[in-house]
Amino acid sequence: MGFLEIHNLSKSFDTVGVINDFSMELVELTLCCLVGPNGAGKTTTMDLITGRQKPTSGRIVFCEDDITGLDEHEIARRGIGRKFQVPAVFRDLTVHQNLEVAYSRSTHPLKNMFRFKEPLFAAKLDEVLALTGLSGRLNDEAGILSHGETQWLEIGMVLMQNPRLLLLDEPVAGMTEPEIEKTVAILNNLKRTNTLLVVEHDMAFVREIADVVTVMHMGSLLAQGPISEIETNERVREVYLGETEEA
Ligand SMILES: Nc1ncnc2c1ncn2[C@@H]1O[C@H](COP(=O)(O)OP(=O)(O)OP(=O)(O)O)[C@@H](O)[C@H]1O
């Protein structure tokens, strides 16, 4: 049994099929990059996993439970966290307050601010700060953070909710080279304890982080395997890598 299994997933908008009989499996404690040309169906797949969209047919199994068609909150409650490309931090709150708010959204919706003194919160906060490297920014308002720091804060906010599976949408879009390098280090640390599915266009970044790469094309699985295999796969080169190398 895989950690996350997608079986014969299809999704149509009106009559147009955008996900067509797509299947893949994600192994626990690995990082999988989901790649493919524009419009291949990557974001829609993430939307289907997280319950933002309902599939037309097919099955999604997470930790042996069928989660197909469950609503977004229920899927989040079961441990699937997602960071979108556009940051959703509270700019007027400090880094610490943002992490508190994220923690309060986790499994205990009625937690109030006084309970943040509890040891579980403190331990989680320390862990997330160490991972994201934001300790020095704890009392700064999120609005003054750099683009990279904002992205790391948002990863931290998702981690405060203790996800078992973390989905990231283009985490290095718009980042400088040093920021990308730091994100590589963060994700390579994170995959020791978490399972990750990352939608990404930047193949240099994919090379640095991926244990396995899943390539989508026109809503279907084109190839899956380690990056070394994917980069030499003729069909992948035709539909995807050739395109990005020219870009
Ligand atoms: N809500 C919607 N209604 C109609 N069509 C949609 C909807 N959402 C996505 N699509 C279509 O589904 C196809 C797949 O889109 P999707 O955003 O999943 O691709 P993607 O691989 O994430 O692309 P990109 O790399 O450009 O973000 C596209 O043709 C898109 O126009």
Side-chain angles (χ1 to χ4, degrees), residues 4-26 31-60 62 67-73 75-76 80-88 147 150-151 154-155 158 165-175 180 183-184 187 195-210 212-225 227 230-231 233 235-247:
L4 177 77
E5 297 174 16
I6 297 179
H7 297 283
N8 309 98
L9 199 66
S10 293
K11 173 69 180 173
S12 302
F13 291 108
D14 298 324
T15 54
V16 183
V18 299
I19 303 295
N20 302 302
D21 201 26
F22 175 69
S23 299
M24 70 170 280
E25 197 173 304
L26 186 57
L31 188 155
C32 173
C33 283
L34 189 57
V35 307
N38 291 331
K42 306 177 294 293
T43 305
T44 307
T45 299
M46 301 280 255
D47 288 347
L48 292 168
I49 295 169
T50 53
R52 205 170 201 226
Q53 300 275 359
K54 307 287 176 228
T56 308
S57 61
R59 234 160 35 95
I60 303 174
F62 177 56
I67 60 164
T68 322
L70 295 182
D71 80 40
E72 220 172 341
H73 295 293
I75 291 175
I80 300 186
R82 180 175 187 181
K83 187 196 106 46
F84 289 90
Q85 192 183 342
V86 180
H147 173 68
T150 309
Q151 298 288 324
E154 214 188 342
I155 291 175
V158 182
L165 168 62
L166 183 59
L167 308 188
L168 304 178
D169 282 293
E170 299 191 38
V172 294
M175 281 192 183
I180 293 175
T183 309
V184 166
L187 296 188
T195 309
L196 294 106
L197 182 61
V198 181
V199 166
E200 190 49 64
H201 281 285
D202 180 339
M203 289 308 287
F205 176 63
V206 169
R207 254 176 237 125
E208 296 289 330
I209 59 166
V212 62
V213 179
T214 298
V215 188
M216 291 188 80
H217 180 49
M218 298 176 75
S220 300
L221 179 71
L222 184 70
Q224 182 163 22
I227 185 79
I230 295 298
E231 287 187 311
N233 180 308
R235 291 182 66 214
V236 174
R237 295 188 72 84
E238 271 166 37
V239 306
Y240 184 66
L241 293 174
E243 196 178 291
T244 53
E245 275 165 11
E246 279 160 26

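Both backbone and side-chain heavy atoms feed into the values below; hydrogens, waters and symmetry mates do not. Order of appearance sets the numbers: ligands from 1, and atoms from 1 within every ligand.
Of the residues listed (L196, L187, V172), the one engaging I209 in a side-chain contact (heavy atoms from CB on, under 4.5 Å) is L187, and it is the only one.
Contact detail for T50 and I75: the closest heavy-atom pair is C-CD1, 3.8 Å. S220 approaches F22 most closely through the heavy-atom pair C-CD1, 3.8 Å.
Taking 4.5 Å as the limit, every side-chain heavy atom of H7 sits out of range of all side-chain heavy atoms of T68.
Rounded to the nearest 0.5 angstrom, M46 CE and R82 CZ are separated by 5.5 Å. With values rounded to the nearest 0.5 angstrom, L4 atom CG is found 9.5 Å from T195 atom OG1.
Closer than 4.0 angstrom to ligand 1 sit non-hydrogen atoms from F13, V18, P37, N38, G39, A40, G41, K42, T43, T44, H201.
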